[in-house]
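All remarks here apply to the structure that follows.
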Number of protein chains: 2
Amino acid sequence: MVSSSSARRPKARVQHHAAPTVDLSAVIMAATPDEPRVLTVRGQPHQLDGLPSGPLRSEHRTLEAGLRTWVAEQTQLTLGYVEQLYTFGDRDRAEADIQGGGHALSIAYLALVREARPAGLAHAAWQNWYGYLPWEDWRNGRPKALGVIEPALKAWARAGGKTLRQFREERIELTFGFESGTWTDERVLERYELLYEAGLVSEALRDAQKPVSSKVRLAPGQPMALDHRRILATAIGRLRGKIKYRPVIFELMPASFTLLDLQRTVEALSGVRLHKQNFRRLVEMQGLVEETGEITTETGGRPARLVRFRREVLIERPAPGVRLPRLR
Amino acid sequence: MVSSSSARRPKARVQHHAAPTVDLSAVIMAATPDEPRVLTVRGQPHQLDGLPSGPLRSEHRTLEAGLRTWVAEQTQLTLGYVEQLYTFGDRDRAEADIQGGGHALSIAYLALVREARPAGLAHAAWQNWYGYLPWEDWRNGRPKALGVIEPALKAWARAGGKTLRQFREERIELTFGFESGTWTDERVLERYELLYEAGLVSEALRDAQKPVSSKVRLAPGQPMALDHRRILATAIGRLRGKIKYRPVIFELMPASFTLLDLQRTVEALSGVRLHKQNFRRLVEMQGLVEETGEITTETGGRPARLVRFRREVLIERPAPGVRLPRLR
DNA sequence: ATATGTATGCTCATCATGAGTATTAGAAGA
DNA sequence: TCTTCTAATACTCATGATGAGCATACATAT
């Protein structure tokens, strides 16, 4: 468009033009009733886990096609549900080893699959999300990681001046809800970013090129390569939000399952416990599933019906959660 | 990550490496009670309107900062609310005149501003959205554009074989709701993409390098440069979705306004009419506004109270529209 | 004074949601 | 066989949120 008017821009003269590199990264998720998983590969840099990814190539017709190609090649997985997540490109994150200091763009995608053993590249494996973000799992009560996080964040807030302090405190309260006790499961990225800014995750110190201080000892959660933990946080937040208004969980479920399986899986993803009876009512009212006619006794107690997803709902439900009082 | 294992990829040998170009584009929106607007610039290519945009430069610390810099330079506007929308990069859309057929990436952002006269670059001006997407405005009844679209889409569906036909018909029904009469205001992008695939918008013919056929005569809505109409559709869909659970409308409103102003503005954006009393109840119940104490007689009928946005709600409302029956 | 065109107040039936209580059906152990 | 466990299912109930309207209050134009 207008960009050709470079005559007006003195700085443009520099012409470093360190062309940005563009990577496609995939957050591939799967889940069992008790564990949400993400597929990671172990790479050279510091032996940290990372996400499957590869550079965008001109052969790729579309970005998504390029991503699928990379994933198929690296893990032998054929992705079903895929959606674009976000494009990351901050210069000073991700310890980019770009020559001229150009941008290292990373276009991240979220993919949901029914778990299968990954092949292709040797070092790919499924990992529990919460190994990277332990404070996100409230299924068994308040995560212990918060025992470290809460005081550290509060100290960080106090370290600023009056205005800054109040600003930080509000932000901490909004994302972690220490005082009010309100935990909003979707704010995963906001929480991670806050921890990053407060220097409480090791990536922050790495990017700032500070020596590994004593703080790092306390840093909760396993770090990941580059800014992959941030990407993971983005993906989890997006997924947690989405299961509330779109039947995406079914992309993760086997062909048939019990209602408790379904509930446990949702709990694993959202990191909170749900009210059983009401969960079932919700699922049945919305017509999300139908009985297969079979029954399983493997649940421990009274045998449970097996159900399957009703594909029709994808066509049915018109507007999910409209909040506007429409006319007519 | 794994991408360094290029030994396994024979194709990589080609090394065309036609480095992708990366543009930052902005969909800058404003609104009055009767018209939703977008800021466009008129460019050389075929004299079509386009979005303000510029190439990512290595000086830009973050992508968003780069975008703000471009917009400030091109339009003299200082953006407030900004969020990343989507990254577009299909090779065959947007008549990219890239040398080696590399990707022309475009990282699109949505920005909301209170309308002000743009300056800087000469040709920037505010335009009514619906000039580009006339079928999206149902405020005064069924848009006339659908008179052309409905039969054309149905003919397109019939043109396929049995399976394809049914698939297309379902998709048409889901997005346009001709039979059921259910219009989902947020599906803006899906509708545009459907029209594109059906060859009913002129960009489709341009990208396919087909001569301007008779169909184009019928093509509803003014076209835009490159794939900017698609980006606009994405932005509108996102905004329509967002106003339902985040108080973003206030980014577009003046300091004080009447409840009817607010309602009309929301209607302008969402393209549908709302129930007045219930709209007010919703707004007041949620504590979104507070009275300024002033009254205006400029409304025509009974004088209206002037209200302003209550900034506190940004901190208050914890979870917007949670749909899961949480425990405790 | 009357007609018009909002702005605001209130009512009401219906539906969705949060929290429980009660009952039922297999499996494993006493 | 009789308990005891562990779930699966069935229902209840109070509260809130929503969709649709009716009625009344204030201005300006005729």
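Here is how names work: the chains are called A, B, and so on, in the same order as the sequence lines, proteins then strands, and each is numbered from 1.
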Requested in this report: Carefully, step by step, assess B:Leu269 and B:Leu252 under the rule side-chain contact (heavy atoms from CB on, under 4.5 Å).
Outcome: CA-CA 11 Å; B:Leu269 302 177; B:Leu252 302 168; 3.7 Å; yes
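- Under the 4.5 Å side-chain criterion, counting only non-hydrogen atoms from C-beta, A:Leu133 is in contact with A:Arg229.
- Classification of the B:Tyr192-B:Trp135 ring pair by plane angle, with boundaries at 30° and 60°, yields parallel.
- Taking atom CZ on A:Arg273 and atom C1' on C:dA19, their separation rounds to 18 Å, with Å as the unit.
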Report summary line: 5' to 3', nucleotides 4-14 of chain C under a 4.0 Å protein heavy-atom cut-off (B base, S sugar-phosphate only, - none) gives -BBBBB-----
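- The only member of B:Lys242, B:Lys244, B:Arg238 that meets side chain to side chain donor-acceptor pair (under 3.5 Å) when paired with B:Glu186 is B:Lys244.
- Rounded to whole Å, atom P of D:dG21 lies 8 Å from atom NE2 of B:His275.
- Using bins of under 30°, 30° to 60° and over 60° for the plane-to-plane angle, the ring pair A:Phe257/A:Phe250 lands in the tilted bin.
- Ion pairing of B:Arg305 with B:Glu284 is present here, as a side-chain N (NZ or NE/NH1/NH2) and a carboxylate O approach within less than 4.0 Å.
- At whole-Å resolution of the value, CD in B:Gln286 and C1' in D:dG16 are 13 Å apart.
- To the nearest angstrom, C1' of D:dG19 lies 12 Å from CG of B:Leu282.
- Atom-to-atom, NZ of B:Lys244 to P of D:dT18 comes out at 14 Å; the value is rounded to the nearest Å.
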